[in-house]
Amino acid sequence: MLEIVPVSAFKDNYVWTMRNATHAAVVDPGEAQPVLDYLRREKLALAAILATHHHADHVGGIAQLLETWRVPVYGPKNEPIPTLTRAVSEGDSVTIAELGVGFSVLDIPGHTRAHIAYYGAGALFCGDTLFACGCGRLFEGTAEQMYKSLEKLRALPDETRVYCGHEYTLANIGFAKGVEPGNSALRSRESRDRDLRAAGKPTLPSTLGEEKATNPFLRCREPAVVESVNKYLGTRVSDPVSVFAAIREWKNKS
Ligand SMILES: [Zn+2]
């Protein structure tokens, strides 16, 4: 049976590691050593590496992993990742035979120019695009691209488990409460996630249903969110892309 476990890297990155009794595949190994340690400890063979985008804290460990394991490296077409062996984009699928699992690739540009997500087995690996109660910064794309990417993810089933690249949840919830102080789902999420962090546990994965109920970046059409954004801007906007862009800017400044 497929299990997905977080291997911690740097300060707040997760290298999501899919595994069964004998094999593993890793998503976004920014660092090699924690992954090598995990594989050795668990006596697992690496079967594949998946990358969502080119930032060093997501791909920096790939070269060192390849020194030990000759495995396919999947990642986005049109991003500078020299260690890739299989460049993929929307419409492609990734099969990891050793784990008996397959993923569809989704193009979700915005954080970077060609950021991708992997969706399969009820799980979504979305890198730095959708975060628990937040979203990634716009380094290479426009607000409109990011909004469309998030809408694409939003259309997946509510029970989809969301595996994002960083443990940012509590800070994101703090910001979200400022946008939507009356959202009771946000308050219960905060108390649960505070307890998880206090116990040293990850707040991830979340579910898409939960993100739709609490993540302001997925709630750009909610009247309370629009109202709050208008107060922040001191002017009236209502189209969701403008609301999204304003929340993103507000968060950057918070
Ligand atoms: Zn990134």
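Start at 1 and go down the list; that is how both ligands and their atoms are numbered.
Other residues, nucleotides and ligands contribute at most 12 non-hydrogen atoms within 6.0 Å of the NZ atom of Lys148.
Residue pairs meeting the ring-ring contact (aromatic ring centres under 6.0 Å, His included) criterion with at least one partner in residues 184-211, sequence neighbours excluded, are absent. Residue pairs satisfying the ring-ring contact (aromatic ring centres under 6.0 Å, His included) criterion with at least one member in residues 151-189, sequence neighbours excluded, are listed as follows: Trp16-Tyr163, His58-His166, Phe125-Tyr163, Phe131-His166, Phe131-Tyr168, His166-Tyr168, Phe175-Trp250.
Grouping Ile, Leu, Val, Met, Phe, Trp and Tyr residues whose side-chain heavy atoms lie under 4.5 Å apart, directly or via other members, places Val59 in a hydrophobic cluster with Val5, Val7, Val15, Val26, Val35, Leu36, Tyr38, Leu39, Leu44, Leu46, Ile49, Ile62, Leu65, Leu66, Trp69, Val71, Val73, Ile81, Leu84.
Looking at Lys212 and Glu222, no side-chain N of the basic residue comes within less than 4.0 Å of a carboxylate O on the acidic one, giving no salt bridge.
Within the protein, the number of N, O or S atoms lying under 2.8 Å from the Zn ion (ligand 1) is 4.
A side-chain donor from one of Glu167 and Thr203 sits under 3.5 Å from a side-chain acceptor of the other.
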